[in-house]
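Following: one structure in structure tokens, then a few remarks.
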Amino acid sequence: MRLVLIAILSSLCGSAASVLALLVLSFNQQVSGEDITGVAIFSFAPALVMCLLLYIPSLFWLRKRRGERAGLFAFACAIVLNIPAFIVLTYSALAGGFFGEGEAWFFALAFAITGLVFGPGFAWHCRRSSA
């Protein structure tokens with residue numbers, strides 16, 4: 001149950017960073033409520049799914065092999081485990097697919113921040129469980 005809460009909080013942090021980046025980077029333009037809501041929802045939901053279905057099993061596997069190192073977990077979540085998402089976002093932005101170039105950056109930022117928060121949270125969970 002604690003890991004689910006950590007996943008939700010991590011996804012919220014990633015979504016908040018994405019929305020903040022949207023607001024900061026579009027200071028010359030007016031941002032609509034739909035834009036903010038869209039970025040928040042479409043960054044929160046996939047980030048939460050990635051936490052639950054990708055990060056948790058991968059970090060348990062990594063923990064068995066490398067031990068409990070928060071820095072390794074943060075790097076694995078923020079960069080390594082997000083590589084498929086980064087590739088899909090890059091391809092979509094370059095090919096003119098579902099995401100535009102700017103949107104792809106916001107979502108990539110959300111996934112990276114989510115991983116940076118989830119990795120140490122997972123290490124904290126493992127230390128508390130073993131103590």
Side-chain angles (χ1 to χ4, degrees):
M1 183 65 182
R2 199 176 324 150
L3 273 178
V4 173
L5 186 60
I6 293 169
I8 291 170
L9 292 175
S10 300
S11 300
L12 283 174
C13 288
S15 294
S18 182
V19 168
L20 184 63
L22 171 70
L23 293 174
V24 169
L25 294 176
S26 60
F27 61 89
N28 289 352
Q29 304 166 1
Q30 186 174 356
V31 180
S32 70
E34 291 176 352
D35 291 335
I36 294 171
T37 304
V39 167
I41 290 172
F42 286 117
S43 60
F44 174 77
L48 182 60
V49 169
M50 287 177 70
C51 283
L52 298 174
L53 298 180
L54 180 66
Y55 295 171
I56 291 174
S58 299
L59 291 182
F60 274 121
W61 178 84
L62 187 62
R63 180 179 171 219
K64 278 186 194 176
R65 275 130 189 96
R66 299 289 180 191
E68 298 176 16
R69 295 190 288 192
L72 179 64
F73 291 154
F75 175 76
C77 285
I79 306 297
V80 176
L81 295 175
N82 281 326
I83 287 175
F86 295 156
I87 290 171
V88 168
L89 288 169
T90 302
Y91 176 76
S92 178
L94 294 176
F98 186 71
F99 297 112
E101 202 173 301
E103 292 171 329
W105 281 106
F106 296 137
F107 293 120
L109 176 69
F111 296 149
I113 297 295
T114 299
L116 280 174
V117 173
F118 187 80
F122 180 84
W124 173 79
H125 165 74
C126 290
R127 278 191 219 125
R128 292 216 23 162
S129 297
S130 64

Report yes if some heavy atom in the side chain of Ile36 is under 4.5 Å from a heavy atom in the side chain of Val31; otherwise report no.
yes

Side-chain (Ser15) to main-chain (Phe44) donor-acceptor, under 3.5 angstrom:
yes

Nearest 0.5 Å, please: how far is CZ in Phe118 from CD1 in Ile113?
15.5 Å

How many angstroms lie between CZ in Phe107 and CZ in Phe86, if you round to the nearest 0.5 Å?
13.5 Å

Donor-acceptor contact present, side-chain Ser43 to main-chain Ala40, <3.5 Å
yes

Could you state the interatomic distance from CG (Asp35) to CD (Gln30), rounded to the nearest 0.5 Å?
10.0 Å

Is atom CH2 of Trp124 surrounded by more than 12 heavy atoms (other residues, nucleotides or ligands) closer than 6.0 Å?
yes

Beyond-backbone contact of Phe106 with Leu89, side-chain heavy atoms, under 4.5 angstrom:
no

Can you measure from CZ (Phe73) to CZ (Phe122) and round to the nearest 0.5 angstrom?
5.5 Å

Shortest non-hydrogen contact between Cys51 and Thr114, atoms and distance
SG-CG2, 3.5 Å

Within the structure provided, determine whether Met50 and Leu81 are in side-chain contact (heavy-atom separation under 4.5 Å).
no

Test item: Ser18 and Leu22 side chains (from C-beta on) under 4.5 Å apart, heavy atoms
no

Exceeds 12 heavy-atom contacts within 6.0 angstrom, atom CZ of Arg2
yes

Please report the interatomic distance CG(Leu3) to CD1(Ile8), rounded to the nearest 0.5 Å.
11.0 Å

Result for side-chain contact (heavy atoms from CB on, under 4.5 Å) between Ile56 and one of Leu52, Leu53, Leu54, Leu59 points to Leu52

Nearest 0.5 Å, what's the OG-CD1 distance between Ser92 and Ile87?
13.5 Å

Would you say Leu109 and Val19 are hydrophobically clustered, going by side-chain heavy atoms of ILVMFWY under 4.5 Å?
no

Provide the closest heavy-atom pair for Cys77 versus Gly115 in the form atom of the first, atom of the second, distance.
CB-O, 3.3 Å

Between His125 and Ile6, does the side-chain contact (heavy atoms from CB on, under 4.5 Å) criterion hold? Intermediate values first, please.
CA-CA 9 Å; His125 165 74; Ile6 293 169; 3.9 Å; yes

Please check if Tyr55 and Ile83 belong to a single hydrophobic cluster, counting links between Ile, Leu, Val, Met, Phe, Trp and Tyr side chain heavy atoms closer than 4.5 Å.
no

